[in-house]
Structure formats: C-alpha cells, structure tokens
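Keep in mind that this is a model prediction, so the values were computed, not measured.
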Amino acid sequence: VQLQASGGGLVQAGGSLRLSCAASGINFSFNVMGWFRQAPGKQRELVALITSGGSTNYTDSVKGRFTISRDNAKNTVYMQMNSLKPEDTALYHCAAGNPRGDYNDYSGYGYFGRGTQVTVSS
C-alpha cells in the first residue's frame with residue numbers, strides 16, 4: 001500500500017493550498033480516507049475525512065475553510081485549504097481507513113502516507 005501526499009508548501013496567512021494524496025494497493029473506492037496533521041509538540045489530529053459515499057466531516061477549526069474531496073477514478077483524495085492561518089502549520093498525512101472502526105480517531109486507519117509539510121507565515 002502506498003499513499004503519496006503532495007501539494008504542501010510555504011504560504012502567507014490568508015493564502016490557499018491544495019493537497020493531493022494518490023493511493024495504490026487498496027480498493028480505494030471502498031475506503032474512508034482521512035487527512036491528519038501533526039504540529040511540533042502537539043498531538044496528531046484528524047483534520048477531515050470522506051467516506052466512500054462522499055460524506056465528509058471536519059474538525060471544528062477548519063470548518064468553512066477546508067474542503068475534502070475524492071476522485072475514485074484516479075484513486076486520489078484532495079484537500080483544498082483556504083484562508084490558511086499560522087496555526088494550520090503542520091505535517092499533513094493522508095490515511096486509509098480500516099474496513100470498520102472509529103474513523104474520527106487515529107485507530108480507525110490502517111495506512112498512513114509520509115506526509116507533506118504545510119507552513120503558514122504570519
């Protein structure tokens with residue numbers, strides 16, 4: 001299984017980035033997919049998830065700013081991040097969900113990508 005994230009970078013506050021995560025080795029269209037982030041000294045947190053049916057869920061701090069989507073034909077999950085804030089600075093990982101589990105928790109995911117760094121300057 002490979003989850004290859006890309007699209008991170010350095011951006012000024014208020015700017016936008018679009019993260020992509022290309023998956024292989026899984027039956028992508030059936031998987032819940034999530035984006036996690038971890039900032040130095042902080043716990044990893046779930047940022048957003050999308051189910052196989054396209055339902056989404058977001059952590060409160062990104063609601064209205066981030067949008068998760070998926071393209072099953074391309075085995076890719078995206079996250080559009082707008083109105084970025086310095087507190088969004090973190091290493092962002094995509095993750096593929098287990099067949100069942102708590103998808104609002106790290107334990108619900110069986111595969112994680114290496115991550116892409118997002119840095120937002122003030």
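Taking all atoms of both residues into account, the shortest heavy-atom contact from V47 to F66 is CG1-CD2, 3.7 Å. Heavy atoms only, all atoms of each residue included: S122 and A13 are closest at CA-CB, 4.4 Å. Taking every heavy atom of both residues into account, A5 and G115 meet most closely at CB-C, 4.3 Å. Across Y103 and G97, no two heavy atoms sit closer than the pair CE2-CA, 4.0 Å. Closest approach of G8 to V118, counting heavy atoms only: CA-CG2, 4.1 Å. Heavy atoms only, all atoms of each residue included: Y109 and G34 are closest at CE2-N, 3.8 Å.
Side chain of T76 to backbone of K74: a donor-acceptor contact under 3.5 angstrom is found. No donor-acceptor pair under 3.5 Å is formed between the side chain of H93 and the backbone N or O of F112. Using a distance-only test at 3.5 Å, with no hydrogens or angles considered, a donor-acceptor pair links the side chain of N98 to the main chain of G110.
Cation-pi contact between R65 and Y58: absent, since separation from the ring centre below 6.0 Å together with deviation from the ring axis within 45° is not met.
One side chain, S16 or N82, offers a donor N or O that lies under 3.5 Å from an acceptor on the other. One side chain, N72 or R70, offers a donor N or O that lies under 3.5 Å from an acceptor on the other.
A distance of 10.5 Å separates OH in Y92 from OG1 in T116, rounded to the nearest 0.5 Å. To the nearest 0.5 Å, the span separating CZ on R18 from CE on M79 amounts to 12.0 Å. For the atom pair CD of Q12 and OG1 of T119, the computed distance is 13.0 Å after rounding to the nearest 0.5 Å. Distance check: I26 CD1 to N75 CG gives 7.0 Å after rounding to the nearest 0.5 Å. Distance check, rounded to the nearest 0.5 Å: SG of C94 to OH of Y78 gives 12.0 Å. The distance from the OG atom of S69 to the CD1 atom of I50 is 6.0 Å, given to the nearest 0.5 Å.
By the salt bridge (charged side-chain N to carboxylate O under 4.0 Å, His left out) test, D105 pairs with no residue at all, sequence neighbours left out. In terms of the salt bridge (charged side-chain N to carboxylate O under 4.0 Å, His left out) criterion, residue partners of R37 (sequence neighbours excluded) are, by chain and number, E45, D88.
In this structure, the side chains of C21 and W35 come closer than 4.5 Å at one or more pairs of heavy atoms. Under the 4.5 Å side-chain criterion, counting only non-hydrogen atoms from C-beta, M81 is in contact with L19. Residues Y111 and Q2 have side chains not in contact (no heavy-atom distance under 4.5 Å, counting atoms from C-beta outward). The closest side-chain heavy-atom distance from R44 to Y106 is below 4.5 Å. With a 4.5 Å cut-off on side-chain heavy atoms, N57 and N104 count as touching. You'll find the side chain of Q80 stays beyond 4.5 Å of the side chain of L17, heavy atoms only. Side-chain atoms of M33 and I68, non-hydrogen and from C-beta on, never get closer than 4.5 Å to each other.
Taken together through direct or relayed side-chain contacts under 4.5 Å among Ile, Leu, Val, Met, Phe, Trp and Tyr, F36 and V32 form part of one hydrophobic cluster. Hydrophobic clustering of Ile, Leu, Val, Met, Phe, Trp and Tyr side chains at less than 4.5 Å, counting indirect connections, keeps L46 apart from V62.
Heavy atoms of other residues, nucleotides or ligands lying less than 6.0 angstrom from CD of Q4 number 12 at most.
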